Each structure stands twice: as structure tokens, then as C-alpha cells.
K.L.:
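One structure, pasted below without further comment.
Just so you know, residue 1 is the first one in the sequence shown, and it goes up from there. Treat the numbers as computed from the prediction; the structure is a model and nothing was measured.
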Amino acid sequence: MDRTRDTLEDARWVAQCAERLRRQWPRADPTSLQDAARELWGDEVLRGFAPHEAAEQWLQLGMPP
């Protein structure tokens, strides 16, 4: 297992998810969006989705960042 590669993929997923959240809340603090995306990454089910799909699933639940 290449832990560096895994870490980069995790970070990329979080960044892409945060970018999707930014489209929903363009004036939100970027750090808050990154934190929300990291929380989504921590959800085993959402982690199985592409980043933008995970954000969409979460947003459909009406969850604020």
C-alpha cells in the first residue's frame, strides 16, 4: 500500500468535495467548507461516492456546513 498516494487521493477527494460545497455556499469560509468535506470523507458510505456526488447526497439531506 502506498500511503503517500492514498493521502494525496484523500486530500484530492476532500478538495473536490469542498469545491462543490463552495458552489452551494459561495460566501462561506473556505476553512469551514474544508472541515465539512473532511467530515463527509469520514462517512464510510459517502466516501464511496465521487466527491461531488457525496456533497450532493449530503446537501439533499439539508445539512448546513
Side-chain angles (χ1 to χ4, degrees):
M1 174 189 317
D2 184 352
R3 190 63 204 140
T4 302
R5 180 178 173 178
D6 291 345
T7 300
L8 289 173
E9 289 178 13
D10 297 355
R12 186 177 303 125
W13 191 99
V14 168
Q16 290 174 358
C17 185
E19 180 57 34
R20 171 57 190 94
L21 295 175
R22 175 165 287 301
R23 288 196 307 271
Q24 179 73 23
W25 296 293
R27 295 186 179 145
D29 174 53
T31 302
S32 296
L33 296 174
Q34 287 284 330
D35 290 345
R38 273 192 284 284
E39 285 187 34
L40 296 183
W41 175 253
D43 184 298
E44 188 176 324
V45 172
L46 292 176
R47 189 172 47 240
F49 289 100
H52 68 280
E53 293 172 341
E56 290 293 332
Q57 291 290 321
W58 189 67
L59 288 168
Q60 288 178 9
L61 296 173
M63 305 298 277

K.L.:
Are any non-hydrogen side-chain atoms of Leu59 and Trp25 less than 4.5 angstrom apart?
P.N.:
yes

K.L.:
Does any non-hydrogen side-chain atom of Trp13 lie less than 4.5 Å from one of Leu40?
P.N.:
yes

K.L.:
So, taking the atom named CD in Gln34 and the one named CD in Glu39, what distance separates them when rounded to the nearest 0.5 Å?
P.N.:
12.5 Å

K.L.:
Show me, pair by pair, the donor-acceptor contacts under 3.5 angstrom made by side chains of residues 50-57, not counting sequence neighbours?
P.N.:
from: Glu53; atom 1: OE1; to: Ala50; atom 2: N; distance (Å): 3.4
from: Glu56; atom 1: OE2; to: Arg20; atom 2: NE; distance (Å): 2.4
from: Glu56; atom 1: OE2; to: Arg20; atom 2: NH2; distance (Å): 2.6

K.L.:
Say whether, by atom type as modelled, one donor and one acceptor occur between the side chain of Trp41 and the main chain of Ala11 under 3.5 angstrom.
P.N.:
no

K.L.:
Could you measure the distance from the SG atom of Cys17 to the CZ atom of Arg47? Nearest 0.5 Å is fine.
P.N.:
12.5 Å

K.L.:
Check salt bridge (charged side-chain N to carboxylate O under 4.0 Å, His left out) between Asp35 and all other residues, then give those that pass, not counting sequence neighbours.
P.N.:
Arg38

